[in-house]
Amino acid sequence: MDKKELQVAALENGTVIDHIPAEKVFTVVSLLGLQDMKTPITIGANLESKKLGRKGIIKVADRFFTDEEISRLSVVASSVKLNIIRNYEVVEKKTVNMPDELRGIVRCANPKCITNNEPGMDTLFHVVDKEQGRLKCHYCEKTQQIENVKLV
Amino acid sequence: MENRSLVTIADHSKEKIMYLLEMARLFEENPNRKILDGRVVATLFFEPSTRTRLSFETAANRLGARVIGFTDPKVTSSSKGETLKDTIMMVSNYADIIVMRHYLEGAARYASEVAPVPIINAGDGANQHPSQTMLDLYSIYKTQGTLENLNIYLVGDLKYGRTVHSLLMAMRHFNPTFHFIAPEELKMPEEYKAYCRAQGIRYEEHTEFDEHVIAEADILYMTRVQRERFTDLMEYERVKDVYILKNSMLEGTRPNLRILHPLPRVNEIAYDVDNNEKAYYFQQAHNGLFARQALICDCLGITIDEVREDKLMC
């Protein structure tokens, strides 16, 4: 076996999250709540990638993500690819799709928005233009660019 | 239960707008009715706004409702750190409907999602102020006899003025031609011009403001250049006196022209305009009463037929 391949162990069952932009690896960890999981997780950062230059890769054993969970990643890393592994075989590949709504994921950039002032309240954005990455706050109705918003 | 709250009228259909205008007309015929006898209307003003509050409270009183509420949040628990949700839940125990003004944008939408009773947005920060839009529409309809095919001139602060933005969106059903008259610093934001293009609404932009520019106007909607909207007060001093309407400018204008203003005015309409028959801003404010009576009834599920058949007129 090639030494490079030894960097990450093969999965019997689980999910391989590949093509994560190098600087977003730990954001992906927190968006998926991986820090609270009990199953084995391998996190690779700053690995060589032909496409991205440097990339991250995360292998999560015995865990399969819902489409809703995957869509959260669209906020930070639309290039991410997921390989679903069963019995050491890739049985399905998934890409990240921008959802129609983002609930409780990003913060409104408007300081006078109720969501930035009311404790215990979720943010909600409508994705008005998936290609341009334009979001509209459900509450204050301000339109904003996805690359400018901060995670909750 | 169906949420009958009024957060914005941007989503209202043409039919719904015409329905509410007809209801407002019935209330103008007779504003004193006991339709809301036994009901309680709460007016929660987290930000002071005397004329809006008085208009809503008069509307409720003339419908026979009782009014509770506050005009200064300093006396309430929100100054102790109570959340908006808690305040709304508490007041919902007492009132059948809540009229709310709040300094935060989106507050009315949120309140309408958590409250078991209908919410009427009486202004949420710089976002929406639907009852103002409704009375503007009613005033235009009343003075022109129609909302269709009008030349509407918006003057002054078109950047921060929420009333002009809401009016623009509500007029989309009626084939208007807009003229935006504003200094460079306060011109209509690109997002609203894009909205006009997407909706097929014609518009022209002007920076000069004189009798020639307004010669073809049916409606002249003046706005205040608000000091509190400026971060740079030197900029405010520079533009505040640029767009002032004087009586002499009205000589060559159309006979059906009417001048609207959301009030309060500072100096953007000279006092000698007040006696001109084309000045309509005080009647416009009066129309707010009937528009708000219609909105309160509609949010409480009272139909226009019930208003027509009302036997409890006093």
Side-chain angles (χ1 to χ4, degrees), chain A residues 27 30-31 33 66-69 71-72 74-76 78 97-152, chain B residues 3 5 7-11 44 46-47 73 77-89 100-115 119 121 123-130 133 159-160 162 165-166 168-170 189-195 198 228-229 231:
Chain A
T27 311
S30 99
L31 276 174
T66 64
D67 288 347
E68 194 275 323
E69 287 173 308
S71 70
R72 293 167 166 236
S74 62
V75 181
V76 294
S78 57
N97 291 320
M98 181 73 83
D100 296 330
E101 285 184 352
L102 295 169
R103 187 183 288 275
I105 297 170
V106 293
R107 213 185 333 204
C108 184
N110 174 12
K112 284 191 71 191
C113 179
I114 183 74
T115 58
N116 286 316
N117 294 274
E118 174 82 355
M121 165 179 189
D122 267 353
T123 62
L124 175 60
F125 286 85
H126 304 287
V127 181
V128 290
D129 188 333
K130 291 190 182 187
E131 279 172 23
Q132 302 285 321
R134 279 173 59 227
L135 312 176
K136 186 175 183 186
C137 176
H138 173 70
Y139 293 98
C140 76
E141 305 181 29
K142 292 272 185 297
T143 304
Q144 35 215 287
Q145 283 301 122
I146 199 162
E147 57 269 24
N148 296 336
V149 294
K150 291 194 169 64
L151 294 170
V152 169
Chain B
N3 191 336
S5 294
V7 177
T8 169
I9 66 162
D11 307 329
L44 309 187
F46 293 88
E47 172 186 70
S77 294
S78 62
S79 63
K80 300 173 195 158
E82 186 180 55
T83 63
L84 174 61
K85 181 182 175 181
D86 286 9
T87 305
I88 292 294
M89 294 306 284
M100 184 180 95
R101 159 75 67 118
H102 205 286
Y103 50 90
L104 292 172
E105 288 143 31
R109 173 76 64 194
Y110 179 59
S112 76
E113 290 172 353
V114 299
I119 301 283
N121 185 5
D124 60 329
N127 189 30
Q128 299 286 343
H129 191 5
T133 311
K159 184 175 180 184
Y160 300 100
R162 67 181 166 192
H165 301 155
S166 299
L168 186 154
M169 294 166 88
E190 183 51 39
E191 65 175 294
Y192 292 102
K193 288 189 275 184
Y195 180 86
E228 58 264 34
R229 300 281 183 227
T231 47

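Computed from a predicted structure; not experimentally measured. In what follows, chains are A, B, ... by sequence order, proteins preceding strands, each numbered from 1.
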As an exercise, state the distance from [atom1] of [X] to [atom2] of [Y], rounded to the nearest 0.5 Å.
X        : Y        : atom1 : atom2 : value
B:Gln128 : A:Glu141 : CD    : CD    : 4.5 Å
B:Tyr110 : A:Asn117 : OH    : CG    : 12.0 Å
A:Lys142 : B:Glu105 : NZ    : CD    : 4.5 Å
A:Cys137 : B:Arg109 : SG    : CZ    : 10.0 Å

Do you know which two heavy atoms are closest between [X] and [Y], and how far apart they sit?
X        : Y        : answer
A:Tyr139 : B:Asn127 : O-ND2, 3.7 Å
B:Gly125 : A:Lys112 : CA-NZ, 4.4 Å
B:Thr83  : A:Pro119 : CG2-CD, 3.6 Å

Heavy-atom donor-acceptor pair, A:Glu118 side chain to B:Leu84 backbone, under 3.5 Å = yes
When the 4.5 angstrom heavy-atom criterion is applied to A:Asn110 and chain B, the contacting part is side chain
Check your understanding: Please walk me through it: do B:Glu113 and A:His138 pass side chain to side chain contact (heavy atoms under 4.5 Å, CB included)?
Key -> CA-CA 12 Å; B:Glu113 290 172 353; A:His138 173 70; 2.6 Å; yes
*So does B:Lys85 have more than 12 non-hydrogen atoms from other groups sitting under 6.0 Å from NZ?*
no
